[in-house]
Amino acid sequence: MITPDSIEQTYSFFHQKRNVYIHSTNNRQKDDIEYAISSYTDEMNEELYNKLSDGNDEFLRTHACFAADIDSAVKKLGFMLGQESSNI
């Protein structure tokens, strides 16, 4: 079951990391953020992850797609929280 708390917690974490990621010029910092998000997805609410990923097991876990995936995840979570726009 997806709880409002799990959505809020995930949104907060992803939104914060996404904002640092998109403004960072440090590749090491970006790699660390990718690792932190990937690790988080391993432990997060499985139903929520499946909803965000649309069944893609590599969602937020692949370097090549990470930037697009994190944008998509933040946007979807924002809508789930009832925001008209997720400020991404």
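Quick caveat, the model's predicted, so the values are computed rather than measured. Note: hydrogens, waters and symmetry copies are ignored here, and every other heavy atom, side chains too, is used. Residue indices begin at 1 and follow the sequence shown.
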Exercise for review: Please determine, by modelled atom types, if E34 and Y21 share a side-chain donor-acceptor pair under 3.5 angstrom.
Suggested key: yes
Check your understanding: Do the side-chain N and O atoms of Y49 and T10 include a donor-acceptor pair separated by under 3.5 angstrom?
Key ->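 Note: Y49 and T10 side chains miss the donor-acceptor criterion.
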Practice item. Applying side chain to side chain contact (heavy atoms under 4.5 Å, CB included) between L52 and each of E47, M44, K75, report the one that passes. Key: M44
**Study point:** Among K30, R28, Q29, the one residue meeting side chain to side chain contact (heavy atoms under 4.5 Å, CB included) with D32
**Key:**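 Running side chain to side chain contact (heavy atoms under 4.5 Å, CB included) over K30, R28, Q29 with D32 returns exactly one hit, R28.
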Do [X] and [Y] make a side-chain contact, defined as non-hydrogen atoms from C-beta onward lying under 4.5 Å apart?
X	Y	answer
I22	R18	yes
F59	S72	yes
I37	F66	yes

Starting at [atom1] of [X], measure out to [atom2] of [Y] and round the result to the nearest 0.5 Å.
X	Y	atom1	atom2	result
F14	T41	CZ	OG1	6.5 Å
L48	S53	CG	OG	9.5 Å
C65	L60	SG	CG	10.0 Å

Exercise for review: Would you mind checking if D69 and R61 are paired as a salt bridge, meaning a charged N to carboxylate O distance below 4.0 Å?
Suggested key: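 Here R61 does not pair with D69 in a salt bridge, since their nearest N and O are not under 4.0 Å apart.
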Point to revise | Pair D71 + K76, salt bridge at N-O below 4.0 Å | key: no
Check your understanding: Is there a chain of hydrophobic side chains (I, L, V, M, F, W, Y, each step under 4.5 Å between heavy atoms) that links I70 to Y35?
Key ->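 No: no chain of side-chain contacts under 4.5 Å links I70 to Y35.
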Point to revise | E8 CD: over 12 foreign heavy atoms closer than 6.0 Å | key: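 Enclosed: over 12 neighbouring heavy atoms sit under 6.0 Å from CD of E8.
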Review point. Got a sec: does the NZ of K51 have more than 12 other heavy atoms crowding it under 6.0 Å?
Key: no
**Study point:** Considering all heavy atoms, the nearest I2-S6 contact
**Key:** CG2-OG, 3.8 Å
